[in-house]
Amino acid sequence: MTAGVREQPRGADSPRPRPGTRLRLVGWLTAVAVLAGVGYRLWLLVNAAPPTNSDEATMGLAALHIARGGGFPVWFYGQQYMGTLEAYLAAPVFVLAGGPSLLGLRLPTLALYLLFLLLSWRLTLRLTGDRWFGLLVVALLALGSDRVVKNQLIAGGGYPEMNAAGVALAVLAVDLAAGRPGWRLARWAAWGFLAGLMLWVDPLVLPYVVTTGAVLVGFCRRELWGAAGALLGAAAVLGAAPLLLHSLLNGRNPLHAVLAASGANATAGWADRLHGGLLLGPSLGMGFCAPGRCDTWQLWWALALPLLLALGAATAWRALRRPPTEAGPTSPADAASPADLASPAGPASPAGPASLVDPTDAGHPVLVAPRVAAAIRLALVLAAVVTLGAYTVSSSAGLTPVESSRYLSCLLISLPVLLWPVWTVARRGPRQSATDRHGLGRTLARPVAVALLAATLGTAAQATWRSAQTAPATRTAEARHAELVSTLRQLGVRQVRASYWTCNRLTFASAEQVVCAVVDDALRPGFDRYPAYRREVDGAAAPAWVAPAGSPLANALDERQRANPGALDLVTIDGWRIYLPR
């Protein structure tokens, strides 16, 4: 009993907490958080948010071609990198729905988000054993700022898959390194296949592949010399087969295209790179900013992130370097969770094998062997550091920091290990008295940790609210675009010329009933991702022109109409201008 506080006697009629009540409570709250995250994103999809664009429509056209059996593209149309996995996932939806739609294109990305959320919860429990911390992680990942939901829901290539795959690789690595029995060869095959698949889909997740793979090598070297290693290698080749076959058949190196796309051929000053990579990038990419910009106060996360990376790496390294014969944790961040300490089985022994109680069991979740957990935590921190460093040195961070902050989407994989040391301090508080020479620092640490966690939740929630407020405008814009498609059909227009950000979106929305070729603002031919459309438009007798009202292209067409009054007939609808040649 705490000194100076008398425990009040419990009356005969006073209710006693039933065993497992707190466990059921945190389980229900976690389920509510999962449903809230999925429900919020489903509401966005129903409102056609986040806004689509021609890049996403290009993936939709690839899915349409796959569904019709008219093509099986390896790469995103118009380039030699970024695999078309999203198109292959959406094609069956188009078949079942009887045709393409934006919602059908995005339903697989919503499913990938749900998978990412559930796997993040499972990974958190495997590494920490703390269900309440798992609830915090799920609640944070259920929120979604403008940049975050764009990465998770827009089928523009790579981003929705990477986070789910990265967390799955970490979960598989935990189970394999901890020696979890049963289905081990299947787990090795799954890890290898996901690693190879991500090599084809998008290399941005490779830091997580490499670091979790290093953990497997460190803990399972002997097993990898046998059937497990052979199966892993074969599965990795199978996952990367589209990339490998295309490269062999065409003699092209996809790495060159990736470097060119990242801005390797462009130039940006180091001041701009550091500002975009270390200040704007983390706050935008991890979900702490309003749509399209960051207010000054929202940049606090960029200052906290390096400290969290350092703290996460230090505590994980300390736990990893602890001698196996040394019993008991020595720091709050390395300690077993309160749930573990209260478990009849007690915390996992640092020296012994992992306790492989499934986190989904009704009992208390138990940590894997602390050294395995520490190794995975260190791997996820190092992967985050590499991801952040690679983005900062790229020219994209300096040239287009707002849009290219999507390259940091994988940092959400590391969120549990970044916040775990802070959570342990916030929940357990100081372990020494204030008279100790470290007592004052430990006493101050708890309110600082609580404030940091509260600020993280509050800032992410505010950014989510700001993003949700844009949904009605997005729905209105999508309705105007649907009216454009309907008007073109009524006019009998089948071939048009338009700007890049109009063309493929229009072609996809019309299910290729309207085919578009790209022109620039000077009415010259532009970049067509699917050349067959240009050939069809060029072969048409009198293609129409389509431009957003008030755009430079509309102004150029208006100027042509004034110079030659009898050449074009103008049809205007809300937000759009259609120019019909006579």
Side-chain angles (χ1 to χ4, degrees), residues 41-42 44-116 149-165 197-198 200-202 239-243 245-246 254 406 409 478 481-482 485 498 500-518 527-534 536:
R41 286 159 178 79
L42 184 59
L44 289 175
L45 295 189
V46 171
N47 285 275
T52 187
N53 55 48
S54 271
D55 280 347
E56 183 177 26
T58 300
M59 189 67 76
L61 290 168
L64 179 61
H65 297 159
I66 295 168
R68 292 174 174 174
F72 300 95
V74 172
W75 303 115
F76 194 79
Y77 285 145
Q79 59 193 44
Q80 299 297 322
Y81 67 97
M82 200 161 65
T84 50
L85 178 61
E86 291 163 14
Y88 286 92
L89 294 176
V93 180
F94 289 178
V95 173
L96 293 174
S101 68
L102 182 61
L103 180 61
L105 180 60
R106 290 180 173 181
L107 284 178
T109 66
L110 180 65
L112 287 169
Y113 163 74
L114 175 60
L115 182 62
F116 166 61
V149 295
K150 284 179 177 177
N151 293 340
Q152 293 170 346
L153 298 181
I154 292 179
Y159 299 100
E161 304 98 306
M162 286 190 298
N163 282 5
L197 189 68
M198 289 301 103
W200 167 50
V201 171
D202 199 312
L243 178 150
L245 290 175
H246 186 271
R406 66 185 186 275
S409 64
E478 185 65 20
H481 191 269
V485 175
Y500 176 85
W501 294 111
T502 298
C503 255
N504 278 4
R505 182 185 176 191
L506 179 57
T507 304
F508 174 68
S510 67
E512 294 188 314
Q513 292 182 18
V514 177
V515 174
C516 183
V518 177
F527 173 52
D528 292 283
R529 288 192 172 274
Y530 196 66
Y533 295 151
R534 171 162 296 280
E536 181 174 344

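Values below: every heavy atom of this structure, side chains too, minus hydrogens, waters and symmetry copies.
Rounding to the nearest 0.5 Å places CG of L506 at 11.0 Å from CD of Q513. Rounding to the nearest 0.5 angstrom, the gap separating the CG atom in L45 from the CG atom in L102 is 7.5 Å. Considering CE of M162 and CG of L197, their distance stands at 12.5 Å, rounded to 0.5 Å. To the nearest 0.5 Å, atom CG of residue L44 and atom CG of residue L110 are 10.0 Å apart. The line from CG of L89 to OG1 of T109 is 9.5 Å long, rounded to the nearest 0.5 Å. The line from CD of E512 to CG of L61 is 6.0 Å long, rounded to the nearest 0.5 Å.
The nearest pair of heavy atoms linking C503 to A498 is SG-O, 3.7 Å. The minimum heavy-atom distance between E86 and G156, with the atom names listed, is OE1-N, 3.3 Å. Closest non-hydrogen pair, A57 versus F508, comes out as CB-CB, 3.8 Å. Of all non-hydrogen atoms in M82 and W75, the two that sit nearest each other are N-CE3, 3.5 Å. Closest approach of F94 and G104 over heavy atoms only: CE2-C, 3.8 Å. Counting all heavy atoms, side chain and backbone alike, P51 lies closest to I154 at O-CD1, 3.8 Å.
Listed for the R41 side chain is no donor-acceptor partner under 3.5 Å among the backbone atoms of V149. For the pair Y88 (side chain) and P73 (backbone), a donor-acceptor distance under 3.5 Å is present. Side-chain N or O atoms of N47 include none that pairs as donor or acceptor with a backbone N or O of A49 at under 3.5 Å. At distances below 3.5 Å, not a single donor-acceptor pair connects side-chain atoms of D528 with backbone N or O atoms of A517. Distance alone, capped at 3.5 Å, places no donor-acceptor pair between the T507 side chain and the V515 backbone. Between the side chain of N163 and the main chain of S409, a donor-acceptor pair closer than 3.5 Å is present. Side chain of Y530 to main chain of T58: no donor-acceptor pair is present (N/O by atom type, distance under 3.5 Å, no hydrogens or angles).
Taking the side chain as every heavy atom from C-beta outward, T84 and M59 approach each other to under 4.5 Å.
Legend: residues meeting side-chain hydrogen bond (donor to acceptor under 3.5 Å, both in side chains) with E56, ordered by chain and number and at least two apart, are T52, R106. For Y500, there are no ring pair (Phe, Tyr, Trp, His ring centres under 6.0 Å) partners two or more places apart in sequence or in a different chain.
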